Amino acid sequence: MQGNTEMENFAYQRYANPTVSILEAKFRALEHCTYSLAVNSGMTACLLVFRALLKAGDHIIVPHSIFYEVIDQLNYEASQRGIEISIIDEYAAVAFEAAIRPNTKMIFIEAPTNPAFLDINIPSLVKLCAKKNIILVVDNTFLTPVCQKPLSLGAAVTLYSITKHINGHGDVMGGMVSTNDPTLFKALKYHRESAGLILDPFSAWLTIRGLRTLPLRLKKHTDNAHAVIAMIREEFPQLEWRAVWSTKSAQANGIVSSLHTGLIAIVFPSQQAGTTFVRHLQLIRTGTTFGNIESLCYHYGSFTREGSTDLEKMGVPYGLVRISVGLEDSEDINTDIRRALRLTAQITTSTATELTP
Ligand SMILES: Cc1ncc(COP(=O)(O)O)c(C=O)c1O
């Protein structure tokens, strides 16, 4: 097996486990990298990276629009461990460059951001980080290594919630951290062992089962997502939608429109329209997660008070509904979305008319 080169220590499960090692080897083959470490959740993957690679006095730059729990975790880490954070609202390389300080050690991104699909160009950040000796970490959960390979583009570390598409069946919580750098790997491995953050073998076994169909599932997610967007463009041309393949940096980041993860967003003109839409879906249920076999939607505005600044800072419009397009029959998905869109249009138009003096 290439990578994770030291002899694995199977004497105790906190150090290593044969089933987990098989999953890691398969993951390395998928990601074309040298080292991968499986851990027990995506948030653990983030914590491992922060604990192992940042020390007191270091500075990290993150965009506002990444998964909000990562920002919470980082704020806590920073306050407890004397790490400085800059959370920025513009995502071009120049904005990152402007935030760099002499003690900047890490830039942590998602590309594109989740759930707003904001554009981040990995190659331009790779260049910046190489110039300034900064560790570029990419949370690649949204796209999986099948659709985007940040390490091959030059990032130092990638991490994943394998809870999402990588396992795909909604029955595992797990994470993965990968790198090609032996020094970073050593620090990551030490912290995983000492804190017992390793994935459990049964979850590893389930994830190996999930990996077997990952490319097939992604193809079907992609085809179904394209069918949804085609229907929206034809029947609801005034509606704004977002998708990974339509971001400006998609090509530079290696994303092809024919293969991605089926994540899209519909941006309704108001919070109320978003709420109305999700309430009228019948097949597609609300779920905070994504990447499962079944379609799921999430309307951030339904769970946030309008006017509170959190979503605005994240660049998420109050009317944005993320849809993780699943593997059901494409016509069933489109019928559900079409019906809910028609009802939303009727209800929001009649409410607007009633409100008009
Ligand atoms: C982009 C991203 N990163 C990390 C996580 C955390 O993963 P987990 O829920 O497996 O801890 C999530 C979870 O939703 C996520 O969406």
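Please read all numbers here as calculations on a predicted model, not as lab measurements. When a ligand or atom number is given, it counts from 1 through the structure's own listing order.
In this structure, the protein non-hydrogen atom closest to atom 11 (O) of ligand 1 is Met43 N, 2.9 Å.
Checked against the 6.0 Å centroid threshold, His221 and His165 count as a close aromatic pair. Aromatic ring centres of Tyr318 and Phe268: separated by at least 6.0 Å. Ring-centre distance between Phe142 and Phe117: below the 6.0 Å cut-off.
Only the side chain of Phe290 comes within contact range of ligand 1, with a heavy atom under 4.0 Å; no backbone atom does. With a 4.0 Å cut-off on non-hydrogen atoms, Glu69 does not touch ligand 1 at all.
The distance criterion of under 3.5 Å between nitrogen or oxygen atoms is not met by Val70 with respect to ligand 1. Among the atoms of Phe67, none of the N or O lies under 3.5 angstrom from an N or O of ligand 1.
Relative to atom 13 (C) of ligand 1, the option among Gln73, Lys164, Glu110 with the closest non-hydrogen atom is Lys164. Nearest to atom 16 (O) of ligand 1 by heavy atom, out of Thr141, Asn167, Asn114, Thr163, is Asn114.
Contact check for Ser203 versus Asn40: no side-chain heavy atoms found under the 4.5 Å cut-off. For the pair Asp181 and Tyr35, the minimum side-chain heavy-atom distance is 4.5 Å or more.
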>> I'd like to know whether Phe303 forms a ring-ring contact (aromatic ring centres under 6.0 Å, His included) with Tyr298, so could you lay out the CA-CA distance, the side-chain angles of the two residues, the decisive distance to 0.1 Å, and finally the verdict.
In response: CA-CA 9 Å; Phe303 299 94; Tyr298 197 73; 5.1 Å; yes

